[in-house]
There are 2 protein chains.
Amino acid sequence: MKQPFHPETAEITLTGVLAALSDPVRLKIVAEVVTGGERGSTEFDCKIAGSTLSHHIKQLREAGILQHRKEGTRCFVSLRPELEQVFPGLLESVLRFAPKDVA
Amino acid sequence: MKQPFHPETAEITLTGVLAALSDPVRLKIVAEVVTGGERGSTEFDCKIAGSTLSHHIKQLREAGILQHRKEGTRCFVSLRPELEQVFPGLLESVLRFAPKDVA
DNA sequence: TATATTGTTCGATATTCGACGAACATAGAA
DNA sequence: TTCTATGTTCGTCGAATATCGAACAATATA
């Protein structure tokens with residue numbers, strides 16, 4: 001059960017986080033995880049190919065925004081708690097305006 | 001004295017703003033403008049070519065973050081006030097962490 | 001008018017990104 | 001072991017991005 005790579009907390013950068021959030025699909029994923037907690041990676045209703053979804057989740061994981069846990073054949077993503085310590089309040093400030101793009 | 005193109009307020013998007021801010025050079029420019037008000041475009045101490053600087057300023061302008069004013073042979077950029085109306089508090093929340101990348 | 005200053009635009013190059021399908025890997029089920 | 005479900009990785013494509021130098025445009029000044 002090899003778990004996916006996550007960067008160190010010290011490697012989380014502001015520009016990296018902003019770049020990861022600057023995509024509507026990824027913003028939607030983050031918004032769902034923030035409001036609903038951990039989600040299986042099939043539960044996001046994006047009309048994109050599975051490989052593309054995997055790509056976006058990887059971007060969010062490597063930016064330090066998401067945790068990614070494998071369990072059996074399933075994958076679960078949740079918000080990475082260190083993000084709030086590194087950039088307290090940032091995510092909330094951004095997601096407050098998310099519906100403008102995600103809806 | 002043709003003035004450069006600025007998008008309509010309604011065209012300012014969250015993802016567009018985040019993408020524009022997800023670059024260290026641009027983040028630095030915005031930070032300087034926010035703290036120091038209007039600046040001549042030669043006053044940013046970035047060690048990049050003038051054409052590249054022009055490109056970055058264009059990105060920020062087209063994202064709705066900066067105003068761009070030409071006066072004679074000089075150019076002056078300042079924060080676009082509509083940004084605060086569209087996404088109140090967003091810029092402050094981001095720039096609070098800017099030194100981590102800009103310094 | 002001629003020259004200098006200041007930015008912008010253009011062309012070239014290299015990189016990255018978002019998207020897809022196909023192939024692969026892993027783990028559980030039959 | 002064989003099959004099935006679930007994701008990941010790979011290869012590829014076109015589009016976008018970052019960077020530079022060179023050429024250009026506009027304005028002020030000599």
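Letters A, B, ... mirror the listed sequences (proteins, then strands); counts begin at 1.
Dashed line: the shortest gap from a side-chain N or O of Arg74(A) to OP1 or OP2 of dG7(D) is under 4.0 Å. Using a 4.0 Å cut-off, some side-chain N or O of His68(B) falls inside it from OP1 or OP2 of dT8(C). OP1 or OP2 of dG7(D) has not a single side-chain nitrogen or oxygen of Thr73(A) nearer than 4.0 Å.
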His56(A) and Ile48(A): side chain to side chain contact (heavy atoms under 4.5 Å, CB included), yes or no, with the steps?
-> CA-CA 10 Å; His56(A) 283 307; Ile48(A) 56 177; 4.0 Å; yes

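Remark: Glu62(B) pairs with no residue by the side chain to side chain donor-acceptor pair (under 3.5 Å) rule, at least two apart or across chains.
Of the candidate nucleotides dT5(C), dA18(D), dG18(C), dA18(D) has the atom nearest to the side chain of Arg26(B). Here the nucleotide nearest the side chain of Lys70(B), chosen from dT5(C), dT8(C), dT26(C), is dT8(C).
Tracing side-chain contacts under 4.5 Å through hydrophobic residues (I, L, V, M, F, W, Y), one never reaches Val30(B) starting from Phe76(B); they form parts of separate clusters.
Using a 4.0 Å cutoff on non-hydrogen atoms, the parts of residues 47-59 of chain A near DNA chain C are Ile48(A), Ala49(A), Ser51(A), Thr52(A), His55(A), His56(A), ordered by number.
Straight-line distance from the CZ atom of Phe5(B) to the C1' atom of dT8(C): 16 Å, rounded to whole Å. Following rounding to the nearest Å, Ile29(A) (CD1) and dG7(D) (C1') show an atom-to-atom distance of 14 Å. Counting to the nearest Å, the P atom of dA16(D) and the CG atom of Asp23(B) are 18 Å from each other. Rounded to an integer number of Å, the gap from Leu18(A) CG to dC17(C) P is 14 Å. As a whole-Å value, the separation of Arg69(A) CZ from dG7(D) C1' is 15 Å. Rounded to an integer number of Å, the gap from Leu60(B) CG to dT8(C) P is 12 Å.
The nearest pair of heavy atoms linking Ala20(A) to Arg26(A) is O-NE, 2.7 Å. Across Ile12(A) and Phe87(A), no two heavy atoms sit closer than the pair CG2-CE1, 3.9 Å.
Under the salt bridge (charged side-chain N to carboxylate O under 4.0 Å, His left out) criterion, the residue pairs touching residues 78-87 of chain B are Arg80(B)-Glu82(B), with sequence neighbours excluded.
The shortest side-chain heavy-atom distance between Arg61(B) and Pro4(B) falls under the 4.5 Å cut-off.
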